[in-house]
Every structure is written in C-alpha cells, then in structure tokens.
Amino acid sequence: GDILYCSSAGALGFRNARRKTNLAAQSVGAHIGERALNIGLRNLRVCLNGINSSRTSALIGLRTSGVRIVSISEVTKIPHNGCRPKRRPRK
C-alpha cells in the first residue's frame, strides 16, 4: 500500500504552461512505467488525483511503457459543502 515512486512534469523538465499539456502527462506516465519495470514491478494499481484532462494521457503513457494496469481508482477529495466562504466586501 505504500507509494514506491512518483514523478511530475516539472521533474522531467517541463516548465510553466508546458506542464499542463497532454504530452507532458504522457511522458510522466511513460517515465513512471519505466521506473516500475526497473524496480521489478509488472502489475500496477493506479490512483488518480485531481480533475484534469491529462489523466487519460498519463494512463496511455503507462500502457506504452509495458506495465499491466490492474486497477484504476479515483482518489480526488470533493468537499460536501466544505468550509464557509469568505465574506464579500462592501461596495
């Protein structure tokens, strides 16, 4: 259940607006998949966090690296009405 390896687009050299692209997400997925193969892992359980359009690209990158994705789980925290909002300033 522990995290064995994690990476980000910024760690791979993508800066500023390029970090949010699908290409960056796909390269992060491929990088994590290669590291998993180096460690000796063939089967992965993937936990996706955040609401983003690049999540499918990261999964595609994982698949192209040669690892087998056993399960995909969503771990995004969604508030159920959350904290009280800040007051509006007077006009």
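Throughout, numbering of the chain's residues begins at 1 and tracks the sequence. Scope of the values below: all heavy atoms of this structure, side chains included, with no hydrogens, waters or symmetry mates. Only a predicted model underlies this, so the values are computations on that prediction, with no experimental measurement involved.
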In terms of heavy-atom contacts, Ile3 and Cys6 come closest through CG2-CB, 4.4 Å
Do Leu37 and Arg42 make a side-chain contact, defined as non-hydrogen atoms from C-beta onward lying under 4.5 Å apart? yes
Residues Val46, Leu62; criterion side chain to side chain contact (heavy atoms under 4.5 Å, CB included); working and verdict: CA-CA 10 Å; Val46 180; Leu62 272 172; 3.8 Å; yes
Where is the tightest heavy-atom contact between Ala30 and Ser65, given as atom of each residue plus distance? O-CB, 3.8 Å
Give, for atom OG of Ser53 and atom NZ of Lys20, the distance between the pair rounded to the nearest 0.5 Å. 11.5 Å
Indicate yes or no: at least one non-hydrogen side-chain atom of Thr76 is less than 4.5 angstrom from one of Arg55. yes
Greater than 12 external heavy atoms within 6.0 Å of Ile51's CD1: no
Atom CZ of Arg45 and atom CD1 of Ile72: how far apart are they, to the nearest 0.5 Å? 13.0 Å
May I ask you to test the Leu41-Val67 pair for a side-chain heavy-atom distance under 4.5 Å? no
Quick test of your reading: applying ring-ring contact (aromatic ring centres under 6.0 Å, His included), list the pairs with at least one residue in residues 21-76, sequence neighbours left out, ordered by first then second residue. Tyr5-His31
Tell me whether Ile32 is reachable from Leu48 by hopping between hydrophobic residues (I, L, V, M, F, W, Y) whose side-chain heavy atoms are closer than 4.5 Å. yes
With rounding to the nearest 0.5 Å, note down the distance linking CZ in Arg90 to CZ in Arg87. 6.0 Å
Do you reckon Val75 sits in the same ILVMFWY cluster as Val28, going by side-chain contacts under 4.5 Å, direct or chained? no
Shortest non-hydrogen pair, Ala24 vs Ala9, comes out as CB-CB, 3.9 Å
Heavy-atom check, side chain of Ser27 versus side chain of Phe14, under 4.5 Å: yes
Taking the side chain as every heavy atom from C-beta outward, state whether Ser7 and Leu12 have any pair of such atoms under 4.5 Å apart. yes
Atom of Arg63, atom of Ile69 and distance for their closest heavy-atom approach: CG-CD1, 3.9 Å
Measuring from atom CZ of Arg35 to atom CG of Leu4, what distance do you get when rounded to the nearest 0.5 angstrom? 11.0 Å
Here the gap from Cys47 atom SG to Glu74 atom CD, rounded to the nearest 0.5 Å, amounts to 9.5 Å
Rounded to the nearest 0.5 Å, the CG atom of Asn22 sits from the OG1 atom of Thr56 at a distance of 6.5 Å
